[in-house]
Amino acid sequence: MMKLVILGSGTSVPHPRRSSSAHWLETDTGSLLLDISAAAVHRMAQENLDWVNLDAIWISHFHLDHVGGLAPFLFGTKHAPQTQARRKPLTIFGPRGTEKLLGAFDRAGKYGLFKQPFPIEVREVAPRTSCDVPGGLRAETFSTPHTRESLAIRLTNEHGGGSGTSFVYTSDTGHTHSLAAFARDADLFMMECSFWRSKPVATHLELTDAMNLAQDSGARRVVLAHLYPEWDGVDIAAEAKKLWDGDTIEARDGLRLEIGD
Ligand SMILES: [Zn+2]
Ligand SMILES: [Zn+2]
């Protein structure tokens, strides 16, 4: 069983109810933060999540509404009383260039972010590869049409063979049919759905794109996140139902979901 807490259902645009991208995922054996916006640093505490013992951070791409909290979080863990006794490592997974980006932040202010009370490790992952991540999960990656480095992730809880419970997080992406294959039969498929209709750019999804991927993937449930303010006042689940008969959930800050049985 995986538990998901939506910390930020919004975008880079300041919004009173939707902070920018961050999603907390945990199993019985570990925790993983999927993207770390500037807001995420305090949203974890607001939701009473055990940020002190966070095992890993996943960076999908380098837009600041997804990575802007990384250096501030490490600045916090370096100095917070709560983390001084921590010894277990924190792993930062991200696309190629993650270490360089964090290093640039670090050097800009001589913060010493890599010197923590506990070990930190940066693990850069390529598209179409897989690796083990904390929480007993297997991660697979997929290059999305958004930025050069942007990656979607598929997390599977293997628990002793079988197909396992799976969760797919697209983060920001344009539309491509191969994403449906990547998310095949996922128990929960969390997609960005930046726009309702007439999207202004090809590098994000609008509702018809998302519902097309939902249909083709065969996913059991869908969550739509990364919602621009143009969605304000729209009944997202009802609009989704007109295009796909499955179960679509609107992401909201603070929403908690269980994945698997
Ligand atoms: Zn974004
Ligand atoms: Zn982006």
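Predicted, not measured: the structure shown is a model, and the values here were computed from it. Because only heavy atoms are used, hydrogens play no part in the values below, and waters and symmetry mates are left out as well, while side chains stay in. Order of appearance sets the numbers: ligands from 1, and atoms from 1 within every ligand.
Within the 2.8 Å limit, Asp65 places at least one N, O or S atom next to the Zn ion (ligand 1). Distances from the Zn ion (ligand 1) show that His61 has no N/O/S atom below 2.8 Å. Using a cut-off of 2.8 Å, one finds that His204 contributes no N/O/S atom close to the Zn ion (ligand 2). Coordination check, His66 versus the Zn ion (ligand 2): failed, since every N/O/S atom of the residue sits at 2.8 Å or beyond. For residue Asp172, an N/O/S atom approaches the Zn ion (ligand 2) to within less than 2.8 Å.
Here the straight-line distance linking atom OG of Ser60 with atom NE2 of His146 works out to 7.5 Å at 0.5 Å rounding.
The residue from Leu25, Val125, Leu155, Val133 that alone fulfils the side chain to side chain contact (heavy atoms under 4.5 Å, CB included) condition with Trp58 is Val125.
When the N, O or S atoms of His63 are ranked by distance to the Zn ion (ligand 2), ND1 comes first.
Ser171 and Asp35 are linked by a side-chain donor-acceptor pair at a separation below 3.5 angstrom, with hydrogens and angles left out of the test. Thr165 and Asp187 are not linked by any side-chain donor-acceptor pair at a separation below 3.5 angstrom, with hydrogens and angles left out of the test.
A salt bridge links Arg18 to Glu250: one of the charged nitrogens lies within less than 4.0 Å of a carboxylate oxygen.
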